[in-house]
Amino acid sequence: MLLVEDDDAIASSLTAGLATAGMSVRRVANGADAVAASIPDVVLLDIGLPDFDGFEVCRRIRQHSQVPIIMLTARSEEIDRVFGLEIGADDYVTKPFGLRELIARIRAVTRRYGATEETHHEHIVIGALSLDILTRRVLLGGVEIELTAKEFDLLAYLASRPGVVHRRIDIMESVWDTNWYGPTKTLDAHVAAVRKKLGDQRWIEAVRAVGFRLEEPE
Ligand code: CA
């Protein structure tokens with residue numbers, strides 16, 4: 001992990017303490033070095049730094065990375081904590097903090113981060129059809145299919161649980177972010193478009209008065 005801390009005494013005791021928990025620490029002592037460092041698995045970030053403050057470091061890291069960031073703050077003011085979280089920090093600990101508390105926080109944010117990464121890289125395979133949720137690419141029999149954004153969202157939603165009948169209202173709410181109890185012409189038009197691109201009507205089965213189900217045609 002990367003420790004951004006200008007105080008040598010704090011940095012060395014933290015590094016030694018975290019090492020006992022099997023965590024290896026690379027330390028930098030200012031904001032510029034922190035921003036220039038290659039992205040680690042976790043960032044422990046002091047707020048009071050000699051060049052620019054921890055908030056600014058956090059903001060700059062967030063421009064290109066979702067790495068977990070824990071702010072180490074000497075200030076206990078609510079405003080600093082709220083501000084830190086608003087600009088993208090995952091958690092904070094207030095100095096003086098215990099090593100066990102810090103280790104628990106580190107483990108919690110990395111667990112959450114790992115879980116998020118997995119869903120981002122989710123890959124759905126249903127027979128000849130495969131969807132990459134992160135890159136939003138769809139392959140059918142190894143050939144890429146071009147879908148519009150909404151067509152992809154619709155297909156991904158149905159594919160998230162293949163074989164299950166999804167209610168129209170649930171599809172509308174999830175894909176179009178709207179509660180629409182009236183006629184769902186938009187949905188039908190998109191289903192028709194996706195079917196056409198998949199080259200076989202039977203991929204998406206209409207279940208009368210209920211909704212739709214995605215399944216590989218036999
Ligand atoms: Ca400091």
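We count ligands from 1, going down the list as the structure has it; atoms in each ligand are counted the same way.
The two residues Lys95 and Ile10 have their closest heavy-atom pair at NZ-CD1, 4.1 Å. Across Leu44 and Met1, no two heavy atoms sit closer than the pair CD1-SD, 3.7 Å. Shown here for Ile47 and Phe55, the closest heavy-atom pair between the two residues is CD1-CZ, 3.6 Å.
Atom CZ of Arg161 sits in a sparse spot, with 12 or fewer heavy atoms from other residues, nucleotides or ligands closer than 6.0 Å.
Geometrically, Arg105 does not engage Phe97 in a cation-pi contact defined by less than 6.0 Å to the ring centre and at most 45° from the axis.
Distance check: His123 NE2 to Thr135 OG1 gives 8.0 Å after rounding to the nearest 0.5 Å.
Around the Ca ion (ligand 1), protein N, O or S atoms at a distance under 3.0 Å total 3; waters are neither shown nor counted.
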